Amino acid sequence: MRFITRFLNGSSSTGTEVEEKDFDSVDKDANKTVKVKKRKAPTLRDIPRLTKEMVQMEREDPAVATAAAKQLYELCDVAHKSNREPMVATGKYDVLNPLADCLLQNNDEKLHYVCLTLNNLSIPHENKRVMALERIHKKLFANLCHVISTGKKEAYLCLICLTNLSFYEPAQVSIGQYSPRQSTSLRAPKLPPLENPSSMLRILQDVTAHAAKGTKDYRWAFGLLASLARHSENALLIGLTAIPGLALENIRESKIPSEKWSENSLEDFCLFLIMRLSEVSSQGLGDHALEVMQPIMVNDSGIQGLKATIVCAFLDAPWSTYPNYGVVAAGSVAELMGNAFERKGKKNVYEGNAFVLKTAVGAYAALARAAALADENSEDHDFSNTKVVALPTAVAVIFQIIHEIVAHWGEEDSENEFDFHYDLAAGEKAVSALKSLLPALLVREKLPRPSKHTENVCFELSQLLVGFSSKASTIAAKSSSKDIGAKIYEAMQSGLPVLEASYDLWKVGMIKT
């Protein structure tokens with residue numbers, strides 16, 4: 001099994017996609033030398049015959065059914081990626097129904113090939129939509145959950161298949177909140193996920209509670225949970241279970257230093273899960289989450305340290321707990337925010353699609369809020385903590401995010417609501433950051449020098465923020481945006497070096513793009 005990275009959240013030589021990491025399934029036993037009769041390689045035209053044999057020959061001749069499942073897998077293996085989308089998304093072949101039926105048949109060897117096939121078919125973007133949202137999805141989810149809950153050795157393959165599908169953002173709720181009726185009767189009540197022992201979340205909770213920690217089932221259960229937690233509704237539900245405590249426990253008890261955690265390891269998945277939960281709510285993380293995160297933040301300069309820093313920011317860690325007066329934390333999160341906006345990564349640390357812009361801007365805003373609170377409570381009025389966070393390069397990105405939303409949000413030809421540049425939630429968090437940083441941005445020069453440039457900067461930024469107030473979705477964001485714009489406009493009578501430097505960098509960035 002080769003994990004094609006993204007998240008988290010990476011990349012591999014076999015099939016990295018632009019939008020998400022996915023997992024190509026490779027049969028490790030396929031190349032073993034065995035004496036078998038030579039047969040013609042299967043083609044797409046063989047699919048009707050193979051699916052029929054795979055299902056109907058199970059009772060009469062299981063070996064034939066298994067051979068058909070293996071040939072179907074070979075049609076979409078790593079060497080035949082081009083077949084994956086035609087097999088599902090075109091609607092020409094009925095592949096998913098037979099595969100879903102075979103998940104319930106008592107043939108472990110065939111089940112292995114069926115799960116490998118489903119994994120590979122779940123990678124193309126168009127296939128995800130069919131598998132996770134169209135009519136087949138309830139049957140597919142139910143049968144995948146059956147394999148997981150019965151503890152078969154292929155359970156981890158089913159978890160990986162669901163993880164692949166979860167990278168299709170519109171399907172995250174349908175997967176994370178899957179809760180089947182307890183009876184086939186249409187009159188049977190549909191229970192909420194946390195009240196239904198057969199729901200996706202309760203099955204995942206059972207795996208995390210009872211599977212051995214060293215197993216693939218246990219690790220991939222947290223991998224799926226980390227992916228599902230990208231949606232705020234799923235994150236809130238996960239926070240109401242015992243899962244967050246188990247994730248923290250896995251990190252606390254790890255014998256491996258955080259800088260040596262491999263991508264897609266149990267610890268890596270758990271920290272991503274905690275990061276996404278903390279972004280939405282501290283519920284379920286308890287009072288000890290910061291105690292677990294702070295040593296990682298202090299001692300790890302890589303991606304794990306960055307994730308721990310983000311968790312500390314979201315959990316409102318006091319500014320005094322950040323090392324080096326917050327310089328490292330502010331710099332790393334500001335850099336992440338810029339990279340997320342430009343959809344690029346950091347060499348040897350994280351890929352360009354590892355973090356969404358909303359998370360990066362939210363963490364930056366949380367750091368700004370912590371620094372502002374420290375300034376309010378400080379007796380040393382000669383030192384400003386918000387100046388540490390108000391890096392002109394970071395504030396320039398804030399301006400650019402707000403500008404993109406004002407210019408493009410709501411356009412009919414804009415790509416979709418998940419587009420990084422037009423993420424309204426990211427814009428509202430950007431305004432929150434400006435509100436906290438405003439004292440640092442409006443620091444005047446010692447010798448006031450009103451200039452035409454200062455007037456232009458203040459006028460344009462005030463107009464920008466007033467424009468954003470008409471796009472914002474919350475009353476708080478609308479009010480804050482107007483208030484910040486007014487204060488910037490009133491400050492144009494004197495030179496404002498930090499604000500002007502940030503403005504100039506924003507304009508230079510706009511010219512380059």
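As the structure is a computational prediction, the values presented were derived from the model and not from experiment.
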Does any N or O in the side chain of [X] come within less than 3.5 Å of the main-chain N or O of [Y], such that one atom is a donor and the other an acceptor?
{"X": "D46", "Y": "T43", "result": "yes"}
{"X": "T208", "Y": "Q205", "result": "yes"}
{"X": "H408", "Y": "E404", "result": "no"}
{"X": "K92", "Y": "P86", "result": "no"}
{"X": "N339", "Y": "K344", "result": "no"}
{"X": "K128", "Y": "I123", "result": "yes"}
{"X": "E85", "Y": "E126", "result": "no"}
{"X": "S174", "Y": "A132", "result": "yes"}
{"X": "N143", "Y": "A100", "result": "yes"}
{"X": "N196", "Y": "L191", "result": "no"}

Is it true that K358 and E279 have a side-chain N and a carboxylate O under 4.0 angstrom from each other? yes

Does a side-chain N-to-carboxylate-O contact under 4.0 Å join E249 and K213? yes

Between [X] and [Y], what is the ring plane arrangement, given parallel below 30°, perpendicular above 60°, and tilted in between?
{"X": "Y178", "Y": "F141", "answer": "perpendicular"}
{"X": "F269", "Y": "W220", "answer": "tilted"}
{"X": "F272", "Y": "F355", "answer": "tilted"}

Does the pair R219 and L159 meet the rule for a side-chain contact (heavy atoms from CB on, under 4.5 Å), with working shown? CA-CA 10 Å; R219 177 164 63 96; L159 290 164; over 6 Å; no

Heavy-atom count check: over 12 atoms from other residues, nucleotides or ligands less than 6.0 Å from K139 NZ? yes

Tell me, with the steps shown, if L133 and Y168 meet side-chain contact (heavy atoms from CB on, under 4.5 Å). CA-CA 10 Å; L133 291 180; Y168 183 56; 3.5 Å; yes

Is there a side chain to side chain donor-acceptor pair (under 3.5 Å) between S258 and N299? Walk through the geometry before answering. CA-CA 9 Å; S258 60; N299 299 317; over 6 Å; no

Atom [atom1] in [X], atom [atom2] in [Y]: separation rounded to 0.5 Å?
{"X": "D300", "Y": "K260", "atom1": "CG", "atom2": "NZ", "result": "12.0 Å"}
{"X": "L116", "Y": "L72", "atom1": "CG", "atom2": "CG", "result": "11.5 Å"}
{"X": "L194", "Y": "L237", "atom1": "CG", "atom2": "CG", "result": "5.0 Å"}

Do [X] and [Y] pair up side chain to side chain, a donor and an acceptor below 3.5 Å, judged on atom types alone?
{"X": "S254", "Y": "E267", "answer": "yes"}
{"X": "E58", "Y": "N107", "answer": "yes"}
{"X": "Q304", "Y": "D268", "answer": "yes"}

Counting only pairs under 3.5 Å, give me each side-chain donor-acceptor contact of residues 280-295, with atom names and distances, residues two or more places apart or in other chains.
from	atom 1	to	atom 2	distance (Å)
S281	OG	Q283	N	3.0
H288	ND1	E291	OE1	3.4

Out of the candidates I175, L225, N234, only one should pair with S166 under the side chain to side chain contact (heavy atoms under 4.5 Å, CB included) rule; please name it. I175

The side chain to side chain contact (heavy atoms under 4.5 Å, CB included) partner of F314 among V311, D316, I310 is I310

Is it possible for you to check whether K216 lies under 6.0 Å from the centre of the six-membered ring of Y156, through NZ or CZ, and within 45° of that ring's axis? yes

Apply side-chain contact (heavy atoms from CB on, under 4.5 Å) to the pair I398 and Y364, showing each step before the final yes or no. CA-CA 10 Å; I398 292 292; Y364 182 77; 4.2 Å; yes

Go through the steps to decide whether E134 and R129 satisfy the test side-chain contact (heavy atoms from CB on, under 4.5 Å), and finish with yes or no. CA-CA 7 Å; E134 294 193 2; R129 176 183 55 79; 2.4 Å; yes

